[in-house]
Amino acid sequence: MSRKFTITTAIDYVNAKPHLGHAYEKITADAIARAHRALGRDVFFLIGNDEHGTKIEKSAAAAGVSPQEWVDRMAEVYQSTYEKLLISWDGFIRTTEERHHSGVREILARVRANGWIRRDKYTGWYCEGCEAFYTEKDLVDGKCPNHDTEPRWVEEENWFFRLSDFRDRLLAHIRENPGFIRPESRRNEVVAFLEGGLEDLSISRAGVKWGIPFPEDPNAVVYVWFDALTNYISGVGFGTDPAEFARRWPASVHVVGKDITRFHCVIWPAMLMAADIELPECVFGHGFIYQSGTKMSKSLGNIVNPLDVVDVTGADALRYFLIRELTYGKDGDFSWDAFIARYNAELANDLGNLVKRTTDMTARFLGGEISAGADTGKDRTGLRADAERVTATVIRAWEDFDLSGALESTWSLVRRANQVIQEKAPWELAKDDLRRAELTGVLDELLEAIRIVAELAAPAIPGKTDEIRARLGLAGGASAPWTESTVWRHRPGWRVAPGDPVFPRIDRKKEPEKSEPATEAVSKRAQKKAKRAAPAATGPAASIGIEQFRDVELRVATVLEAVPVEGADRLLQLTLDLGDEKRQVVSGIARHYAPEDLPGRQVIVVANLAPATIRGVESRGMILAAESGGRLALLAPGHEVAPGTRVS
Ligand code: MSP
């Protein structure tokens with residue numbers, strides 16, 4: 001039997017819709033899962049939703065629905081997003097499921113029976129954004145280091161997990177298992193944290209209702225992190241299906257973001273030790289994806305919905321970009337410029353052209369077919385040696401969490417094949433009947449190289465590699481494991497089906513409106529778009545909590561100056577007076593307002609929007625307008641107010 005490989009991701013808080021950060025984590029973990037399937041492993045890929053806690057209770061209340069109704073609707077939103085992103089999960093765990101409750105009760109019972117739980121009074125700080133307890137020294141200027149908000153002072157009679165007793169065992173485990181925390185930078189962080197000492201952890205929340213009832217304490221629920229972390233075992237049968245649990249546990253890797261690596265490398269292994277359960281082999285703490293230098297967390301209100309990108313280019317392009325652009329484990333940026341540059345260069349040009357030119361030439365010069373018995377197999381191009389070398393490097397990279405490196409090496413084969421086309425010039429060979437065998441051999445080897453590229457790139461771009469395989473006349477569906485499928489001439493003979501480019505070039509104008517500045521917050525177009533993206537017109541995705549609304553800083557500003565932006569007939573560059581500062585904002589209102597009509601007018605500006613460069617001009621903010629019947633009206637206060645006044 002093949003070796004098991006159980007891979008998990010963090011389970012997402014469902015207080016709002018999924019964003020690009022969630023997509024990044026699921027896409028990268030999915031690529032790893034797919035690579036390990038190709039390596040012939042018995043893979044189980046677990047994802048899920050974190051559905052308890054105060055944050056979620058509040059989102060539901062803001063939407064006027066019960067927490068259960070909210071999390072049910074959000075489960076659909078998350079799952080349909082992940083389907084769209086081609087995430088191939090084997091298990092999806094929700095913390096409101098009965099099987100999860102059983103798992104939590106079971107681990108608590110074991111930890112308690114082993115003497116690791118005590119009752120005590122808790123006094124301290126609690127950040128609802130993190131759902132975490134903080135000591136004074138954790139806070140920065142009295143605020144949560146992650147959310148920059150003031151935590152709440154809490155005094156509760158609670159149940160405590162004797163976490164502090166596990167410090168030495170945890171340090172010993174990390175020392176003896178260098179692969180337990182990856183990458184190394186995260187291991188160093190965790191070791192430093194542990195060396196600073198540990199405090200016991202309150203694992204119940206008094207007076208909170210939306211959670212798993214704490215056994216024998218009707219007034220409390222299980223602390224949301226103790227609850228959530230247990231998903232990794234309840235999702236594979238712990239507490240309900242011992243045979244499945246024995247088959248899937250311990251996990252090979254927990255893929256989580258850097259902000260929560262500590263929970264997974266300190267609290268979680270200590271919980272498992274306390275319950276006499278084996279530890280996972282590895283926790284991989286990936287980096288964050290930022291846009292314009294700002295963290296895209298829901299609490300900060302700066303969200304890019306991955307679907308905006310997918311609707312324009314398809315899931316594969318986003319997957320490719322995210323996997324290729326960031327070194328796994330490090331932070332990186334998403335920008336439309338970088339995305340389009342990589343897409344056009346590496347997908348449309350390098351791979352897309354290779355497929356198109358080779359299949360077109362096979363159709364044109366050889367009637368689309370090369371029979372198994374044709375004059376092939378002479379290694380006329382050297383591509384065989386290249387493919388063998390690249391395959392070995394790519395497999396090592398996938399096994400070693402070097403996701404970007406795996407694609408980089410795969411693309412070295414793509415580029416080599418493109419060079420072969422230039423060097424061998426099949427169109428010249430086709431002019432000479434005496435060189436037909438050579439022509440056949442060259443095209444056969446190019447097709448074979450493309451086939452191997454498709455195998456190696458499949459974990460990252462599974463939709464498009466299926467399409468490429470179909471162009472080569474190969475049956476759809478799962479291919480053989482890499483040990484077979486990457487063997488040169490695994491597939492002799494071809495019947496190609498050329499077609500349109502697999503990656504049509506992106507015309508910059510197709511960039512989703514969302515990343516453009518200006519007026520769309522209340523425009524009809526945006527409303528229509530929001531309606532399409534929302535699961536139901538009144539569904540949770542359409543509503544936001546009051547906190548989220550408060551995160552948007554709306555201010556009154558007076559226009560000081562307006563000038564056209566060179567080369568952009570829709571855009572005006574405005575200088576605004578915001579009371580205590582002057583601001584430059586680029587706005588798409590040029591077709592509706594003449595520059596000379598604007599100075600002196602008051603407008604409403606989203607003042608805390610991340611800065612963006614539009615047509616080479618920096619824009620810091622967005623002004624609001626409403627569109628009706630093709631006409632645009634700038635929003636303004638009913639009478640003049642002091643510039644800088646906050647709108648609430
Ligand atoms: N519910 C907890 C996890 C419990 S796991 C037992 C949670 N949820 S979350 O929705 O806030 O985040 C889910 C995952 O997305 C986390 O691993 C988090 O690090 C990751 N990301 C959130 N924003 C991110 C980026 N901007 N970039 C990359 N990943 C990020 O934390």
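One-based numbering, in listed order, for ligands and for the atoms of each.
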Sub-4.0 Å atoms of ligand 1 with respect to non-hydrogen atoms of Gly257:
17 (O), 19 (O)
Check each atom of ligand 1 against the heavy atoms of Glu25 and keep those under 4.0 Å away; list them by number with element.
14 (C), 15 (O), 16 (C), 17 (O), 20 (C)
Contact region, Asp12 to ligand 1, non-hydrogen atoms below 4.0 Å, reads both
Short list, please: which atoms of ligand 1 are under 4.0 Å from a heavy atom of Ala228?
6 (C)
Does a side-chain N-to-carboxylate-O contact under 4.0 Å join Glu189 and Arg186?
yes
Quick check on side chain to side chain donor-acceptor pair (under 3.5 Å): which of Lys58, Lys55, His147 does Glu128 satisfy it with?
Lys58
For ligand 1, does Asp259 get within less than 4.0 Å through its side chain, its backbone, both, or neither, judged by non-hydrogen atoms?
side chain
Just say parallel, tilted or perpendicular for the rings of Phe339 and Tyr343, cut-offs at 30° and 60°.
tilted
Find all atoms of ligand 1 within a distance of less than 4.0 Å from any non-hydrogen atom belonging to Ile260, and give their numbers and elements.
3 (C), 16 (C), 17 (O), 31 (O)
Between Tyr290 and ligand 1, which residue portion shows a heavy-atom distance shorter than 4.0 Å: side chain, backbone, both, or neither?
neither
Check this for me - ligand 1, Asp50, N or O atoms closer than 3.5 angstrom, yes or no?
yes
Testing Trp125, Tyr223, Phe263, Trp225 for ring pair (Phe, Tyr, Trp, His ring centres under 6.0 Å) with Phe133, which one passes?
Tyr223
Thr135 and Asp138: side chain donor to acceptor below 3.5 Å
yes
Give the numbers and elements of all ligand 1 atoms closer than 4.0 Å to a heavy atom of Asn231.
6 (C)
Taking salt bridge (Lys or Arg N to Asp or Glu O under 4.0 Å) as the definition, give me every residue that meets it alongside Glu98, ordered by chain and number, with sequence neighbours left out.
Arg105
Looking at ligand 1, does Glu131 have a heavy atom less than 4.0 Å from it?
no
For atom 3 (C) of ligand 1, which candidate among Asn49, Ile11, Thr8 provides the closest heavy atom?
Ile11
Which one holds for Thr9 and ligand 1: side chain close, backbone close, both close, or neither close, with close meaning a heavy atom under 4.0 Å?
neither
Should the ring pair Tyr82 and Trp89 be called parallel, tilted or perpendicular, given that the plane angle runs from 0 to 90° and is split at 30 and 60?
perpendicular
Can the ring centroids of Phe92 and Tyr78 be said to lie less than 6.0 angstrom from one another?
no
Measuring from atom 28 (C) of ligand 1, which candidate in Gly287, Gly53, Gly129 has the nearest non-hydrogen atom?
Gly287
Taking non-hydrogen atoms only, is Tyr232 closer than 4.0 angstrom to ligand 1 via side chain, backbone, both or neither?
side chain
